[in-house]
Amino acid sequence: MKLNLLSWDAQRPDRRAITNCIVTISLGVNESLSNELTDILLEGDAVEIEIDGKDTASALRALRKLDIDYEIIE
């Protein structure tokens with residue numbers, strides 16, 4: 001499943017938690033790439049990631065917990 005991470009709504013986003021979340025839920029994303037994606041997201045641009053279909057519910061729950069807005073692409 002592909003997701004577009006749109007923005008974060010937290011007043012003080014936890015950069016490390018967002019980076020770890022992206023590494024955990026995304027397919028083929030290492031820590032270095034996750035740092036870059038986090039920077040892009042915190043600058044206000046959308047980021048596209050792919051997650052494993054088996055872990056969709058827990059991945060979406062983790063994003064909501066971090067106040068990250070997302071849209072499902074496919």
Side-chain angles (χ1 to χ4, degrees):
M1 169 185 282
K2 290 187 180 182
L3 296 177
N4 232 2
L5 305 182
L6 303 172
S7 64
W8 49 271
D9 289 334
Q11 288 184 343
R12 300 181 74 205
D14 185 349
R15 187 182 189 294
R16 187 173 38 158
I18 294 170
T19 300
N20 289 337
C21 180
I22 291 174
V23 167
T24 303
I25 68 172
S26 299
L27 294 174
V29 175
N30 60 21
E31 190 171 336
S32 176
L33 178 57
S34 181
N35 280 324
E36 290 179 34
L37 295 175
T38 300
D39 288 340
I40 293 169
L41 181 63
L42 294 178
E43 288 174 3
D45 295 324
V47 173
E48 184 178 314
I49 62 170
E50 187 170 350
I51 60 174
D52 188 9
K54 295 182 286 186
D55 298 327
T56 302
S58 60
L60 297 179
R61 189 176 18 236
L63 293 172
R64 286 191 302 269
K65 184 177 179 183
L66 292 171
D67 292 322
I68 298 174
D69 289 333
Y70 60 88
E71 68 179 358
I72 299 172
I73 299 173
E74 53 178 73

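Below, all heavy atoms of this structure are taken into account, side chains as well, without hydrogens, waters or symmetry copies.
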Asks: Under the side chain to side chain contact (heavy atoms under 4.5 Å, CB included) rule, what do Leu60 and Arg64 come out as? Steps first, then yes or no, please.
Replies: CA-CA 6 Å; Leu60 297 179; Arg64 286 191 302 269; 3.6 Å; yes
Asks: Roughly how far apart are Asp14 CG and Ile18 CD1, rounded to 0.5 Å?
Replies: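 It comes to 7.0 Å.
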Asks: Could you tell me whether the side chain of Lys2 reaches within less than 4.5 Å of the side chain of Glu48, counting heavy atoms only?
Replies: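 The answer is yes, as the side chains (C-beta and beyond) meet within the 4.5 Å cut-off.
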Asks: Could you list the residues that satisfy side-chain contact (heavy atoms from CB on, under 4.5 Å) with Ala59, not counting sequence neighbours?
Replies: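 Once residues adjacent in sequence are excluded, the partners of Ala59 under the side-chain contact (heavy atoms from CB on, under 4.5 Å) criterion are Ile25, Ile51.
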Asks: Mind checking side-chain contact (heavy atoms from CB on, under 4.5 Å) for Arg15 and listing every partner two or more places apart, or none if nothing turns up?
Replies: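 Counting only residues at least two positions away or on another chain, Arg15 forms a side-chain contact (heavy atoms from CB on, under 4.5 Å) with Thr19, Asn35, Thr38, Asp39, Leu42.
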Asks: At what distance, to the nearest 0.5 angstrom, does SG of Cys21 lie from CG of Leu63?
Replies: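 So the SG of Cys21 and the CG of Leu63 are separated by 4.5 Å.
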Asks: Consider only side-chain heavy atoms of I, L, V, M, F, W and Y, link residues closer than 4.5 Å, and tell whether Leu27 and Leu3 are in one cluster.
Replies: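 Leu27 and Leu3: separate clusters.
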Asks: Grab the two heavy atoms, one from Ile22 and one from Ser26, that are nearest each other, plus how far apart they are.
Replies: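 The pair with the smallest heavy-atom distance is O-OG, 2.8 Å.
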Asks: Once side chain to side chain donor-acceptor pair (under 3.5 Å) is applied, do any residues pair with Asn4, and if so which ones, sequence neighbours excluded?
Replies: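 Testing Asn4 for side chain to side chain donor-acceptor pair (under 3.5 Å), a comparison that skips the adjacent residues, returns Glu71.
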Asks: In sequence, state the C-alpha distance, the side-chain angles, and the governing distance for Val23 and Asn30, and then conclude on side chain to side chain contact (heavy atoms under 4.5 Å, CB included).
Replies: CA-CA 6 Å; Val23 167; Asn30 60 21; over 6 Å; no
Asks: Give, for atom CD of Glu50 and atom CD1 of Ile73, the distance between the pair rounded to the nearest 0.5 Å.
Replies: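 Reported value, rounded in 0.5 Å steps: 10.0 Å.
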Asks: Roughly how far, to the nearest 0.5 Å, is NZ of Lys54 from CG of Asp52?
Replies: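 Atom-to-atom, Asp52:CG and Lys54:NZ are 5.0 Å apart.
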Asks: Tell me whether Thr24 contacts the main-chain N or O of Asn20 through its side chain, where contact means a donor paired with an acceptor under 3.5 Å.
Replies: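 Side chain of Thr24 to backbone of Asn20: a pair is present.
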Asks: With side chain to side chain contact (heavy atoms under 4.5 Å, CB included) as the criterion, how do Leu6 and Leu41 come out once you've worked through the C-alpha distance, each side chain's angles and the decisive distance to 0.1 Å?
Replies: CA-CA 7 Å; Leu6 303 172; Leu41 181 63; over 6 Å; no
